Amino acid sequence: HENYFIPHSLPEPEQVTNVLEWLIEHCEDSGYKPIYVDPVEMAESLGFDEERELGIHLHLLEEMGFILRSVDATLKASVRLLAPLEAPRIIGVGLNYVSHIRETKHATPALPMLFMKHPSAVIGPGEPIVYPKHAQKVDYEGELAVVIGRHARRVSEAQALEYVLGYTCANDVSERVTQLAEMKMGCLLVGKSYDTFCPLGPAIATGLDPANLDLTTRLNGQARQRINTSDLLFSAARLVSYLSQAMTLWPGDVILTGTP
């Protein structure tokens, strides 16, 4: 429902809880698929005097992060969602989850294993990934992406997150055969940089703790990767600080923190 109202005073906590419980119950009935609320019917079901009173509670739950307003289906079908950044510099990190290092039986890196993806790899979250003609094995890599918001030069780890604008989702798509051939020669670029090989978005989120975020990668609706960023070997703050000792990070630069 789009007509939310900003309250002049807070409703009773019990009333807000009742609204949330109603929404959860109906989500369960729908198999946790998105539900579309009829505000009149919902208000009557919960015993509110008017739809406006319900709107106040919905607004509060949205502000608290419990619910999201859906985009109108007609509008959604008529727009193309772009990447939240246009042609950024993209720096990637390999072997950066402790559990992944243990799983692959690699030695723990003493320094971040860095590579770059070409800006032409960036596409929006709903755009198709183009399979290269000669590709033999193309893989997904779901990752937390750090977006730089201020010029950062020789910043400390303690200050590093002050230079971050926010965070978004990234898919570090990789052509494994090319990647491994490059890595045997001590380099890495083309296997990671094919056009469309870096979907970003849909939005840049602010106010998050990058050291404690759940990351899930789904393929055709099935979860294939699941991790918490507390398992990162080199944290977002550590990566920003480390890179800034050598190069000036620019607003809009993107750091892909690694895949589990």
Side-chain angles (χ1 to χ4, degrees), residues 80-97 100 109 111-153 160 163-205 210 215 217 219 224-225 232-234 236 238-260:
R80 173 188 169 206
L81 193 59
L82 302 178
L85 296 156
E86 185 177 0
R89 302 192 305 177
I90 312 160
I91 302 168
V93 187
L95 285 180
N96 199 30
Y97 277 94
H100 182 52
L111 298 172
M113 296 176 58
L114 302 172
F115 60 90
M116 296 196 73
K117 294 174 79 84
H118 193 272
S120 67
V122 173
I123 56 173
E127 296 186 71
I129 298 168
V130 178
Y131 204 99
K133 286 184 178 180
H134 63 277
Q136 299 179 56
K137 182 174 173 54
V138 175
D139 280 341
Y140 52 83
E141 292 187 13
E143 307 193 12
L144 171 68
V146 179
V147 181
I148 301 298
R150 298 165 50 196
H151 284 91
R153 174 65 171 158
Y163 294 82
V164 171
L165 171 64
Y167 308 89
T168 192
C169 301
N171 187 353
D172 177 18
V173 184
S174 309
E175 204 294 308
R176 295 297 186 209
V177 176
T178 304
Q179 175 186 346
L180 293 176
E182 288 183 305
M183 291 176 66
K184 286 181 180 179
M185 297 186 292
C187 59
L188 180 56
L189 179 65
V190 173
K192 294 280 191 176
S193 292
Y194 286 98
D195 289 350
T196 74
F197 266 29
C198 191
L200 289 177
I204 299 172
L215 174 69
T217 306
L219 178 65
R224 295 298 181 90
Q225 295 177 303
L232 283 170
L233 176 63
F234 300 105
R238 180 82 179 275
L239 291 170
V240 171
S241 176
Y242 176 76
L243 285 163
S244 75
Q245 306 308 312
M247 66 186 76
T248 301
L249 297 174
W250 297 343
D253 282 352
V254 173
I255 303 171
L256 307 183
T257 55
T259 192

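Since we're looking at a predicted model, the values are computed, not measured. Just so you know, these numbers use all the heavy atoms, side chains as well, and skip hydrogens, waters and symmetry mates.
- Side-chain atoms of I129 and P199, non-hydrogen and from C-beta on, do get closer than 4.5 Å to each other.
- A donor-acceptor pair is defined here as one N or O able to donate and one able to accept, closer than 3.5 Å; no such pair exists between the side chain of E175 and the backbone of G191.
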I would like to know whether Y140 and T217 meet side-chain contact (heavy atoms from CB on, under 4.5 Å); could you show each step before the answer? CA-CA 8 Å; Y140 52 83; T217 306; 3.8 Å; yes

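- With rounding to the nearest 0.5 Å, the separation of CG in L114 from CZ in F234 is 9.0 Å.
- At least one side-chain heavy atom of V93 sits less than 4.5 Å from a side-chain heavy atom of L239.
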After noting the C-alpha distance and the side-chain angles of D195 and V130, does the key distance pass the side-chain contact (heavy atoms from CB on, under 4.5 Å) rule? CA-CA 7 Å; D195 289 350; V130 178; over 6 Å; no

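- A 6.0 Å sphere centred on CD of Q245 holds more than 12 heavy atoms belonging to other residues, nucleotides or ligands.
- In terms of modelled atom types and a separation under 3.5 Å, the side chain of T168 and the main chain of L200 share no donor-acceptor contact.
- In this structure the side chain of Y97 reaches within 4.5 angstrom of the side chain of L215, judged on heavy atoms.
- Using a 4.5 Å cut-off on side-chain heavy atoms (C-beta onward), L85 and V122 make no contact.
- Using a distance-only test at 3.5 Å, with no hydrogens or angles considered, a donor-acceptor pair links the side chain of T257 to the main chain of L144.
- Without hydrogens or angle criteria, K192 side chain to A121 main chain gives no donor-acceptor distance under 3.5 Å.
- Of all heavy-atom pairs between E141 and N171, the closest is N-OD1, 3.0 Å.
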Chi angles and distances behind the side-chain contact (heavy atoms from CB on, under 4.5 Å) call for Y167, I204: CA-CA 5 Å; Y167 308 89; I204 299 172; over 6 Å; no

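- Under a 3.5 Å cut-off, the side chain of K117 and the backbone N or O of F197 do form a donor-acceptor pair.
- Here the closest heavy-atom approach between residue G252 and residue V147 is recorded as CA-CG1, 4.5 Å.
- Looking only at distances, a side-chain donor or acceptor of S244 sits under 3.5 Å from a matching main-chain atom of S241.
- Contact detail for P119 and I90: the closest heavy-atom pair is CA-CD1, 4.3 Å.
- Distance check: M185 CE to M183 CE gives 11.5 Å after rounding to the nearest 0.5 Å.
- Here the shortest heavy-atom pairing between G94 and F115 reads N-CE2, 4.0 Å.
- Interatomic distance, Q179 CD to L188 CG, rounded to the nearest 0.5 Å: 5.5 Å.
- Under the 3.5 Å distance criterion, the side-chain polar atoms of E127 are left unmatched by any main-chain donor or acceptor of T196.
- At least one donor-acceptor pair under 3.5 Å links the side chain of Q225 to the backbone N or O of G142.
- Evaluation of the salt bridge (charged side-chain N to carboxylate O under 4.0 Å, His left out) test over residues 248-260, restricted to residues two or more places apart or in two chains, returns R89-D253.
- Taking CD1 of I148 as the reference point, atom CG of L243 lies at 8.0 Å (rounded to 0.5 Å).
- Taking every heavy atom of both residues into account, P84 and G201 meet most closely at CD-CA, 3.7 Å.
- Under a 3.5 Å cut-off, the side chain of N96 and the backbone N or O of L232 do not form any donor-acceptor pair.
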Is there a side-chain contact (heavy atoms from CB on, under 4.5 Å) between Y194 and V138? Walk through the geometry before answering. CA-CA 11 Å; Y194 286 98; V138 175; over 6 Å; no

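- Side-chain polar atoms of S174 and D139 form no donor-acceptor pair below 3.5 angstrom.
- Taking NZ of K137 as the start and OG1 of T178 as the end, the distance is 13.0 Å to the nearest 0.5 Å.
- One finds the CG atom of L249 at 6.0 Å from the CD1 atom of I91 (value rounded to the nearest 0.5 Å).
- Taking all atoms of both residues into account, the shortest heavy-atom contact from L81 to P202 is CD2-CB, 3.6 Å.
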